[in-house]
K.L.:
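Handing you a structure now.
One is the number of the first residue; the rest follow in order along the sequence.
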Amino acid sequence: MVGNNRNKTEFLRKRRTLNSMLSVDFRRMFTTPLFYIMLGIAVVMPVLILVMTTMMDGSASVDPSTGVETAIEGFDSVWQIIGTASGETSSAAMSITSMCNINLVYFMAAVLACLFVSADFKSGYAKNLFAVRPNKMDYIISKTVVCVFAGIWMLLGFFAGAMLGRAVAGLPFALETASMFGVILCMLAKIFLLLVFVPIFVLMSTVAKDRTWLSLLLSLFGGMLLYMMVPMMTPLNSTLLHVVMCMAGGALFFAGFTIASSTVLRKTDLV
């Protein structure tokens with residue numbers, strides 16, 4: 001009985017510590033100018049992309065060395081900037097329309113996570129924190145959860161910006177190869193996919209610590225390795241299976257990289 005009470009007390013103490021870290025990190029994240037700058041970029045980016053690609057649609061460029069003429073293809077529908085339906089073929093598989101879309105938010109999440117974590121090591125906050133609260137796992141969980149929530153806001157901001165850009169560019173709004181339910185599932189899948197990317201960014205940030213340039217380099221490299229799987233995992237006509245797969249993958253990556261990040265902090269110096 002005494003052992004059970006002791007275990008319960010220890011569990012409640014750890015839970016209070018984690019809740020306290022989450023509260024501090026949420027307050028820091030959502031009161032820092034960095035978050036609102038990144039959110040503003042996420043909203044404005046699709047407007048600029050849609051307007052510029054619509055203006056350039058149909059224009060051609062000629063390679064002076066080969067004389068080959070390449071036509072620039074814009075978006076046929078506003079939904080192309082959110083995703084493409086599975087099985088849908090495109091003559092511009094690696095065109096600007098396939099690269100400049102909502103999936104760029106994952107790289108924005110990398111920048112936000114790296115700057116947010118490295119600031120702790122640059123300012124000495126992490127060293128002081130671990131002197132009082134030595135649980136490295138709680139620190140990693142807190143940083144990952146807060147950065148995931150920030151990424152969700154940026155995804156939603158990009159979606160809102162795409163709808164605004166559609167009105168400015170005059171693109172069609174009708175869904176041809178998907179349904180609105182599929183679009184909702186597509187966004188849910190992309191949200192859960194943040195649980196795959198963000199833990200990687202946090203791990204790279206804990207490896208680099210106060211060297212922001214290194215954490216950004218490692219995170220962007222790691223993100224590029226997984227970037228090409230995003231359209232396949234989150235098509236515009238997503239089903240519940242896509243959402244479940246992204247959720248399961250996110251849970252595995254969250255658990256695995258959280259353990260890896262906390263191990264790095266325990267095995268290395270904090271500065």
K.L.:
Looking at V145, V198, I259, V196, which one forms a side-chain contact (heavy atoms from CB on, under 4.5 Å) with F254?
P.N.:
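Only one of V145, V198, I259, V196 forms a side-chain contact (heavy atoms from CB on, under 4.5 Å) with F254, namely V145.
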K.L.:
What's the shortest heavy-atom distance between G83 and L236, and which atoms?
P.N.:
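Smallest heavy-atom distance, with atoms named: O-CD2, 3.7 Å.
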K.L.:
Same hydrophobic cluster for W213 and L115, using side-chain heavy-atom links shorter than 4.5 Å among ILVMFWY?
P.N.:
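Yes: a chain of side-chain contacts under 4.5 Å links W213 to L115.
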K.L.:
Between C186 and S238, which heavy-atom pair has the shortest distance, and what is it?
P.N.:
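Closest pair (atom of C186, atom of S238, distance): CA-OG, 3.4 Å.
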K.L.:
Indicate whether the side chain of Y139 and that of D120 have a donor and an acceptor atom separated by less than 3.5 Å.
P.N.:
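Distance-only check passes for Y139 and D120.
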K.L.:
Checking S261 side chain against F257 main chain: does a donor-acceptor pair fall under 3.5 Å?
P.N.:
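Yes; at least one donor-acceptor contact below 3.5 Å.
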K.L.:
Please determine whether side chain to side chain contact (heavy atoms under 4.5 Å, CB included) holds for the pair V183 and F159, giving the CA-CA distance in whole Å, both sets of side-chain angles, and the decisive distance to 0.1 Å.
P.N.:
CA-CA 11 Å; V183 173; F159 186 91; 4.1 Å; yes
K.L.:
Going from CG on L22 to CD1 on I141, what distance comes out if it is rounded to the nearest 0.5 angstrom?
P.N.:
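The distance works out to 8.5 Å.
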K.L.:
Can any side-chain N or O of K143 pair as donor or acceptor with the backbone N or O of I140 at less than 3.5 Å?
P.N.:
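Pair absent, no side-chain N/O of K143 close to backbone of I140.
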K.L.:
Are M45 and I37 linked, directly or through other ILVMFWY residues, by side chains that come within less than 4.5 angstrom of each other?
P.N.:
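Yes; tracing contacts between hydrophobic side chains, which count when under 4.5 Å, links both residues.
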K.L.:
Just jot down the side-chain contact (heavy atoms from CB on, under 4.5 Å) partners of M204, sequence neighbours excluded, or say none.
P.N.:
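Here the qualifying residues are I200, L218, S219.
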K.L.:
Go through it in stages, so that I can follow the logic: the residues are V146 and F116, the test is side chain to side chain contact (heavy atoms under 4.5 Å, CB included), and I'd like the CA-CA distance, side-chain angles, deciding distance and then a yes or no.
P.N.:
CA-CA 10 Å; V146 170; F116 189 57; 4.3 Å; yes
K.L.:
Do you know the tightest heavy-atom contact between L220 and A110?
P.N.:
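Closest approach of L220 to A110: CD2-CB, 4.2 Å.
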K.L.:
Counting neighbours of CZ on F26 that are heavy atoms of other residues, nucleotides or ligands and sit closer than 6.0 Å, is the number greater than 12?
P.N.:
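Result for CZ/F26: enclosed.
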K.L.:
Under 6.0 Å from the ring centre and within 45 degrees of the ring axis: does the NZ or CZ of K127 meet both conditions for the six-membered ring of F121?
P.N.:
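No cation-pi geometry.
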K.L.:
Which heavy atom of T54 sits nearest to which heavy atom of A169, and what is that distance?
P.N.:
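Taking every non-hydrogen atom into account, OG1-CB, 3.6 Å.
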K.L.:
Verify side chain to side chain contact (heavy atoms under 4.5 Å, CB included) between T234 and H242, making sure each step is shown before the conclusion.
P.N.:
CA-CA 7 Å; T234 61; H242 291 97; over 6 Å; no
K.L.:
Is the number of heavy atoms from other residues, nucleotides or ligands within 6.0 Å of CE (M29) greater than 12?
P.N.:
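Yes, because the 6.0 Å sphere around CE of M29 holds more than 12 heavy atoms from other groups.
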K.L.:
Looking at CE of M180 and CD1 of I184, how far apart are the two atoms once the value is rounded to the nearest 0.5 Å?
P.N.:
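If we round to the nearest 0.5 Å, M180:CE and I184:CD1 are 7.0 Å apart.
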K.L.:
Can you measure from OG (S262) to NZ (K267) and round to the nearest 0.5 angstrom?
P.N.:
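The NZ atom of K267 is 10.5 Å from OG of S262, to the nearest 0.5 Å.
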K.L.:
Which heavy atom in G161 sits nearest to a heavy atom in V47, and how many Å separate them?
P.N.:
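In terms of heavy atoms, the two residues are closest at O-CG2, 3.3 Å.
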K.L.:
Between OG of S215 and CG of D210, what distance do you get to the nearest 0.5 Å?
P.N.:
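The distance works out to 9.5 Å.
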K.L.:
Flag the pair M137 / L18 as yes when at least one side-chain heavy-atom distance between them is below 4.5 Å, and no otherwise.
P.N.:
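Not in contact.
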K.L.:
Return yes if some donor-acceptor pair links the side-chain N/O of S142 with the main-chain N/O of D138 below 3.5 Å, else return no.
P.N.:
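Between the backbone of D138 and the side chain of S142 there is no qualifying donor-acceptor contact (under 3.5 Å).
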K.L.:
Looking only at the side chains, is there a donor atom on one of T212 and K122 sitting less than 3.5 Å from an acceptor on the other?
P.N.:
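Their side chains do contain a donor-acceptor pair, which is all the 3.5 Å distance test asks for.
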K.L.:
For the residue pair C246 and L193, what are the closest heavy atoms and their distance?
P.N.:
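So the minimum-distance heavy-atom pair works out to SG-CD1, 3.8 Å.
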K.L.:
Within the 4.5 Å heavy-atom criterion, are M187 and I102 side-chain neighbours or not?
P.N.:
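Side-chain contact under 4.5 Å: yes.
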K.L.:
Are V44 and F158 connected in the hydrophobic side-chain network, where two residues link if heavy atoms are under 4.5 Å apart?
P.N.:
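No; tracing contacts between hydrophobic side chains, which count when under 4.5 Å, never links both residues.
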K.L.:
Quick one, I82 and N101 - any side-chain contact, counting heavy atoms below 4.5 Å?
P.N.:
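Counting from C-beta outward, I82 and N101 never come under 4.5 Å.
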K.L.:
Give a yes or no on whether M228 and L226 share a hydrophobic cluster (residues Ile, Leu, Val, Met, Phe, Trp, Tyr; joining criterion: side-chain heavy atoms under 4.5 Å apart).
P.N.:
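Same cluster: M228 reaches L226 through Ile, Leu, Val, Met, Phe, Trp or Tyr contacts under 4.5 Å.
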K.L.:
Please lay out, stage by stage, how D76 and Q80 fare under the test side chain to side chain contact (heavy atoms under 4.5 Å, CB included).
P.N.:
CA-CA 7 Å; D76 297 323; Q80 279 185 301; 3.5 Å; yes
K.L.:
CD1/I41 to CG/L112 distance, rounded to the nearest 0.5 angstrom?
P.N.:
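Those atoms lie 10.5 Å apart.
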K.L.:
Quick one: does NZ or CZ of R28 land under 6.0 Å from the six-membered ring centre of Y125, within 45 degrees of the ring axis?
P.N.:
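Judged by the rule (NZ or CZ under 6.0 Å from the ring centre, within 45° of its axis), R28 counts as positioned above Y125.
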K.L.:
Would a 4.5 Å heavy-atom cut-off, applied to side chains only, mark L50 and V168 as touching?
P.N.:
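L50 vs V168: side chains apart.
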K.L.:
Find out whether S205 and S118 are in side-chain contact, i.e. whether some heavy atom of one side chain is under 4.5 Å from a heavy atom of the other.
P.N.:
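Counting from C-beta outward, S205 and S118 never come under 4.5 Å.
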K.L.:
Checking T258 now: which residues fulfil side chain to side chain donor-acceptor pair (under 3.5 Å) with it, not counting sequence neighbours?
P.N.:
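Listed in chain order: nothing, the list is empty.
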K.L.:
Looking at V78, is its backbone amide N or carbonyl O close enough to the side chain of R166 to form a donor-acceptor pair, meaning the two atoms are under 3.5 Å apart?
P.N.:
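No; zero donor-acceptor contacts below 3.5 Å.
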K.L.:
Kindly compute the distance separating CG (L171) from OG (S77), expressed to the nearest 0.5 Å.
P.N.:
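Atom-to-atom, L171:CG and S77:OG are 7.0 Å apart.
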K.L.:
Show your reasoning for whether ring pair (Phe, Tyr, Trp, His ring centres under 6.0 Å) applies to Y36 and F30.
P.N.:
CA-CA 8 Å; Y36 295 99; F30 294 109; 7.4 Å; no
K.L.:
Show every ring pair (Phe, Tyr, Trp, His ring centres under 6.0 Å) that has at least one partner inside residues 167-203, sequence neighbours left out.
P.N.:
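Of all non-adjacent pairs touching residues 167-203, those that pass ring pair (Phe, Tyr, Trp, His ring centres under 6.0 Å) are W79-F173, Y106-F197.
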K.L.:
Are V202 and L34 linked, directly or through other ILVMFWY residues, by side chains that come within less than 4.5 angstrom of each other?
P.N.:
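Cluster IDs for V202 and L34 match.
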K.L.:
Side chain of R27, backbone of V24: donor and acceptor closer than 3.5 Å?
P.N.:
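No.
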K.L.:
Any non-hydrogen side-chain atom of R266 less than 4.5 Å from a side-chain atom of T263?
P.N.:
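With C-beta onward as the side chain, the pair touches.
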